[in-house]
Enquirer: 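Take a look at the following structure, please.
Chain naming here is simple, since letters A, B, ... match the order of the sequence lines and numbering starts at 1 in each. Since we're looking at a predicted model, the values are computed, not measured.
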Amino acid sequence: MDKRKFYITTPIYYVNDKPHVGSAYTTIAADALARAHRLRQIPTYFLTGTDENSQKNLEAAAKAGVDDLQAYLDSMAEVWKRTWRELGISFDDFIRTTEERHHRGVERFWRAVEKSGDINKATYEREYCVGCEEFKTPTDLLDGKCPLHPNRPLEKVSEENYFFRASNYKQQLLDLYRDKPEFVQPQSRQNEIRSYVESAFDDLSISRESKKLSCGIPVPGDDSQRIYVWFDALINYMTAVGYGTDDEMFRKWWPASLHLVGKDIIKFHCALWPAMIMSAAKSDGLLQAEDGSALLPERVYAHGFFTIDGQKISKSLGNAVDPLDLAKKYPFDAVRYFLLREIPFGEDGDFSTKRLEERYASDLGNRLGNLVNRVIAMSAKYFDGKVPQTDVEAAGEGMDDTVWDGAEGLAGLWSEAEKHIEAARLDLLLDQVWNSDGASLTAANKLVEQTQPFKLFKEDPEKTAIVLYALLEACRQYAWMVEPIMPNVANGIIRQLGQDPDVEKAKGIEELKKWGGLVPGTELHPGEVLFPRLIS
RNA sequence: CGCGGGAUAGAGCAGUUGGCAGCUCGCCAGGCCCAUAACCUGGAGGUCGCCGGUUCGAGUCCGGCUCCCGCAACCA
C-alpha cells in the first residue's frame with residue numbers, strides 16, 4: 001500500500017431504498033480503515049456516494065409516486081448522507097452520479113476508450129435480464145432463463161448498441177492476477193475471478209437507445225444512446241477525485257488504494273473495471289504510470305454477506321435492520337465493534353442482537369469498560385486523584401510472577417495491529433487486543449488479580465504506583481488501538497485519563513504508541529461508565 | 001457435471017504459511033472484593049462431517065463421498 005496516501009471507497013449505493021445494516025457494514029468498515037489511516041497521519045480520502053443512473057431508481061420513484069425523478073433522487077441521496085452522518089461515518093466526499101463532475105469525467109473516459117479502439121457499434125439480438133441489468137449469452141442461461149432471476153422474463157433486445165471490447169484485455173487481466181495477487185482480496189476469491197475471466201468474460205454492451213432508457217448519461221457524440229449503468233458507475237471512483245475536472249487533484253489521489261465491495265459485485269470491480277482502465281489508459285496519459293502502464297486500483301476487497309438471526313436479509317420478511325434504529329438502541333460504537341469483531345472480514349456471517357448484547361456485556365462492559373473503571377478508580381483513590389508518581393521506565397518492565405509483559409508486550413500488540421490494518425482484518429486486530437498473551441486486556445485484568453493493588457497499597461505504595469501506572473498507560477494505548485473502530489469510546493477513555501483527545505491525536509501515532517505518554521501527576525477524571533448495562 | 005458458502009466442546013464461532021485443538025457465552029467448583037453482581041483460578045465437555053492419500057507429523061495439503069445453507073422479487 002502506498003504509504004503517502006490512502007484513498008478508500010465504498011460502492012455507490014442505489015437510492016431506491018434507504019440504507020440497511022448491510023450497506024452500513026461496508027461503510028463502517030471503510031470508515032474504520034479510513035480512521036486508522038488518518039490516525040497514522042497518512043493523507044486519507046474516503047469516498048462514498050450514490051448510483052443514480054439506474055433503471056431501478058426510476059422504478060422506485062414511480063412506486064413512491066414521485067413524478068419528478070430529480071426530486072426523488074435528491075431526497076434519497078439526502079437520506080443516505082444523513083444516515084452516514086448520524087452513524088459518525090467520516091466520509092470526505094459523497095459522489096452522486098447525476099452530478100456534473102461525474103458526467104464530465106465519464107465523457108472523458110468514454111472518449112479515451114473510444115480512441116483506443118475498444119468501442120464498436122453493433123446490432124445484436126440478445127437476451128437482457130432486467131434483474132442483472134446485463135445481457136446474457138446463451139451459455140449464461142439455464143433452461144432459457146437467467147439463473148439468478150429465473151422468474152423474471154428475459155427481454156429480447158435487438159438494437160444497435162455500443163460495445164466495449166473487454167475481451168481484448170483478457171490476457172492482461174490474467175497477467176494482473178498472476179503478478180499482483182493482492183489485487184483480489186480475500187485470497188479465496190482469486191480462483192473465482194480467474195476462472196470467470198478465463199471462461200465468461202466477454203465483450204459487453206455499454207449503451208442503450210435513449211428512447212428505451214430514460215435516465216443515464218448520453219453517449220458522447222451520440223444523443224440517441226445512453227451509457228448504461230455499470231460502465232458509468234465504476235468511473236465514479238475517478239470522477240470523485242477530479243478525473244475530467246481537476247487533473248492535479250486526480251494525480252494526487254489516483255489510483256485508489258482500496259475498493260471495498262460486497263462479494264456480489266466483485267466481478268465488476270476485479271475484471272470489468274481494470275479492463276476499462278487498461279483501455280482508457282492507452283489514450284489518456286493521465287491514467288498512465290511513469291512506465292506507461294495503466295494506473296489500476298491497488299486492491300479490491302470483497303467482504304461477505306450476513307444473515308439476520310440466521311435468515312437472509314429480506315424486506316418482505318421484514319428483517320432488514322435499519323442502522324439508525326440500532327444506533328438508538330445501542331451506543332453506536334458498540335454496533336461498530338460488533339460488526340467488525342464478530343465477522344471475519346471477507347467471510348459471511350450472522351447478525352443477531354442477542355450476540356450483539358453478549359459481546360456488549362462481555363467484551364466491552366466486563367473486560368474493557370470494567371478494566372478502565374477499576375484502574376482509574378484505584379488510582380484516584382490511592383493517589384489523590386492523579387496518575388501515580390513513579391519511574392515511568394521501570395513501570396514499563398514486565399512484572400515478575402505475572403503474565404504481564406509491559407511496554408514490550410504492548411509494542412508487540414501495536415506491530416500486530418499494523419499488519420491487521422494493512423490486511424483490512426480489523427476482526428483480528430480486535431481479537432489480539434482482547435485475547436492475546438502478554439499485554440492484552442485479558443492480561444491486564446489478570447495483572448490486577450496477580451498484584452492485587454487494592455491490598456498491596458497498604459504494604460508497598462511504591463510498587464502499587466508502578467502497577468497502577470502500568471495499567472493506566474496500557475488503557476491509554478488500548479484506547480488508541482481501538483480508536484478507528486470506536487472513536488467515541490477511545491475519546492472517553494483518553495478524557496478520563498486526564499488528556500485531551502484532540503491534542504493527543506495531533507501528536508501522531510508514533511508518539512501515541514510510545515510507552516509513557518501518560519504523565520505522572522496528571523489529574524484523572526473518573527467519569528461515566530463507558531458501557532452501561534443495557535436495559536432489555 | 002449451474003454458482004457460491006459451510007460442517008471444529010451444550011450454543012455461537014476463530015484457527016494467515018501443516019507442528020501439543022482455541023475464543024466468547026453457558027455449566028460446575030473455588031478465590032477476590034479495586035471495579036459495571038464485574039475480575040481471577042481450576043474443571044467437565046471435541047473420534048476437528050465421512051473414507052482414502054501425501055507427510056516424521058493433517059482441522060490445515062490432495063482425491064472421493066455425505067449432509068446443510070443461499071441463489072424470483074426487495075437486497076451489501
Enquirer: Whole Å only: how far is the CG atom of A:L364 from the P atom of B:C23?
Expert: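 In whole Å, B:C23 P lies 19 Å from A:L364 CG.
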Enquirer: Taking only the side-chain heavy atoms of A:S23 (C-beta and beyond), determine which of B:A76, B:C34, B:C40 contains the nearest atom.
Expert: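 Per side-chain heavy atoms of A:S23, the pick is B:A76.
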Enquirer: In this structure, which stretches of RNA chain B are paired as stems of three or more consecutive Watson-Crick or G-U pairs, both distances less than 3.5 Å?
Expert: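 Expected stems, ordered by start: B:2-7 with B:66-71, B:10-13 with B:22-25, B:27-31 with B:39-43, B:49-53 with B:61-65.
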Enquirer: For B:C68 versus B:A29, give the span between their P atoms, rounded off to a whole number of Å.
Expert: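 It works out to 40 Å between them.
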Enquirer: Could you tell me whether A:R96 and A:D51 have a side-chain N and a carboxylate O separated by less than 4.0 Å?
Expert: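 No.
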Enquirer: Below 4.0 angstrom from OP1 or OP2 of B:C34, is there any side-chain N or O of A:N373?
Expert: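 No.
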Enquirer: Checking all strands, does A:K381 fall into the base, sugar-phosphate, or nothing category for heavy-atom contacts under 4.0 angstrom?
Expert: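 Sugar-phosphate contact only.
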Enquirer: Is there a side-chain contact between A:R495 and A:N491 (heavy atoms, below 4.5 Å)?
Expert: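 Yes; the side chains approach each other to less than 4.5 Å.
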Enquirer: Quick check for you: among B:U24, B:C33, B:A35, whose closest atom lies nearest to any side-chain atom of A:F454?
Expert: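 Selected nucleotide (nearest to the side chain): B:C33.
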Enquirer: Given the C1' atoms of B:C34 and B:G46, what is the spacing between them in whole Å?
Expert: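 It comes out at 38 Å once rounded to the nearest Å.
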Enquirer: Using a cut-off of less than 4.0 Å, is there contact between a side-chain N or O of A:K455 and OP1 or OP2 of B:C33?
Expert: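 It does, given that an N or O in the side chain of A:K455 lies less than 4.0 Å from OP1 or OP2 of B:C33.
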Enquirer: Side-chain N or O of A:K446 less than 4.0 angstrom from OP1 or OP2 on B:U41?
Expert: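 Yes, such a contact exists.
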Enquirer: When you look at A:E449 and A:K446, which way does the salt bridge (Lys or Arg N to Asp or Glu O under 4.0 Å) test go after all the steps?
Expert: CA-CA 5 Å; A:E449 295 309 315; A:K446 286 182 185 177; over 6 Å; no
Enquirer: Would you please confirm or rule out a distance under 4.0 Å between OP1 or OP2 of B:U24 and any side-chain N or O of A:R341?
Expert: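 For B:U24, neither OP1 nor OP2 has a side-chain N or O of A:R341 closer than 4.0 Å.
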Enquirer: Taking atom C1' in both B:G10 and B:G4, what distance in whole Å separates the two?
Expert: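 The answer is 30 Å between these two C1' atoms.
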Enquirer: Report which part of the nucleic acid A:P344 touches: base, sugar-phosphate, or nothing (heavy-atom distance under 4.0 Å, all strands).
Expert: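 Sugar-phosphate contact only.
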Enquirer: To the side chain of A:D348, which of B:A35, B:G5, B:U24 is closest?
Expert: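 Minimum distance to the A:D348 side chain belongs to B:G5.
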Enquirer: Are A:F457 and A:F383 close enough that their ring centers fall under 6.0 Å?
Expert: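 Ring-ring flag for A:F457/A:F383: true, centres closer than 6.0 Å.
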Enquirer: Distance between the C1' atoms of B:C62 and B:C74, in whole angstroms?
Expert: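 To the nearest whole Å, 42 Å.
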Enquirer: Let me know, please, whether A:Y382 or A:G304 comes out on the 5' side of the other along RNA chain B by nearest nucleotide.
Expert: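 Nearer the 5' end of the strand: A:Y382.
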Enquirer: At 4.0 Å (heavy atoms only), tell me whether A:F457 reaches a base, stays on the sugar-phosphate, or touches nothing.
Expert: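 The answer is nothing, as A:F457 stays clear of every strand by at least 4.0 Å.
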Enquirer: If the cut-off is 4.0 Å, is A:S362 near the phosphate of B:U24, judged by side-chain N/O to OP1 or OP2?
Expert: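 No, outside the criterion.
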Enquirer: Scan A:E347 against the nucleic acid and name what it touches under 4.0 Å (heavy atoms): base, sugar-phosphate only, or nothing.
Expert: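 Here A:E347 touches the backbone only, sparing every base.
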Enquirer: When you measure from the side-chain N and O atoms of A:R355 to the phosphate of B:C23, is any distance below 4.0 Å, counting only OP1 and OP2?
Expert: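 No, A:R355 has no side-chain N/O under 4.0 Å of OP1/OP2 on B:C23.
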Enquirer: If you check the A:E449 side chain, which of B:U36, B:G5, B:C40 turns out closest?
Expert: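 For the A:E449 side chain, the nearest candidate turns out to be B:C40.
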Enquirer: Determine: side-chain N/O of A:N16 to OP1/OP2 of B:C75, distance under 4.0 Å, yes or no.
Expert: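 It does, given that an N or O in the side chain of A:N16 lies less than 4.0 Å from OP1 or OP2 of B:C75.
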Enquirer: For A:R359, which contact category applies under a 4.0 Å heavy-atom criterion: base, sugar-phosphate, or nothing?
Expert: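 No contact.
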Enquirer: Taking atom P in both B:C28 and B:C67, compute the distance separating them and give it to the nearest angstrom.
Expert: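 Taking atom P in both B:C28 and B:C67, they lie 39 Å apart.
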Enquirer: Considering only heavy atoms and no angle criterion, is a donor-acceptor pair shorter than 3.5 Å present between the side chain of A:N370 and the base of B:A35?
Expert: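 In this structure, the two groups form a donor-acceptor pair.
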Enquirer: How about A:Y301 and A:H259: are their ring centroids closer than 6.0 Å?
Expert: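 Here the rings of A:H259 and A:Y301 have centres that are no less than 6.0 Å from each other.
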Enquirer: Is the shortest heavy-atom distance from the side chain of A:P11 to the side chain of A:Y13 under 4.5 Å?
Expert: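 SC-SC contact between A:P11 and A:Y13 confirmed.
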Enquirer: Around A:D325, counting heavy atoms of other residues, nucleotides and ligands shown, do more than 12 lie under 6.0 Å from its CG?
Expert: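 More than 12 heavy atoms, drawn from other residues, nucleotides or ligands, come within 6.0 Å of this atom.
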Enquirer: Do A:Y360 and A:Y330 have ring centres separated by under 6.0 Å?
Expert: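 Not under 6.0 Å, so no.
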Enquirer: Write down the distance separating the P atoms in B:U41 and B:G49, rounded off to the nearest Å.
Expert: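 Those two atoms are separated by 30 Å.
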Enquirer: Relative to each other, are the rings of A:F6 and A:H37 parallel, tilted or perpendicular (30° and 60° limits)?
Expert: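 Answer is parallel, since the angle falls under 30°.
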Enquirer: What interatomic distance, in whole Å, is found between C1' of B:U8 and the corresponding atom of B:U24?
Expert: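 So the two C1' atoms sit 15 Å from each other.
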Enquirer: Map A:D264 and A:Q452 onto RNA chain B by nearest heavy atom, then report which one ends up closer to the 5' terminus.
Expert: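 With A:D264 and A:Q452 compared, the 5'-side residue is A:Q452.
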Enquirer: Give the nucleotide from the list B:U24, B:G31, B:A37 with an atom nearest to the side chain of A:R533.
Expert: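 Nearest nucleotide to the side chain: B:A37.
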Enquirer: When we call it a touch if two heavy atoms are under 4.0 Å apart, what does A:Y25 touch: a base, just sugar-phosphate, or nothing?
Expert: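 Contact class for A:Y25: none.
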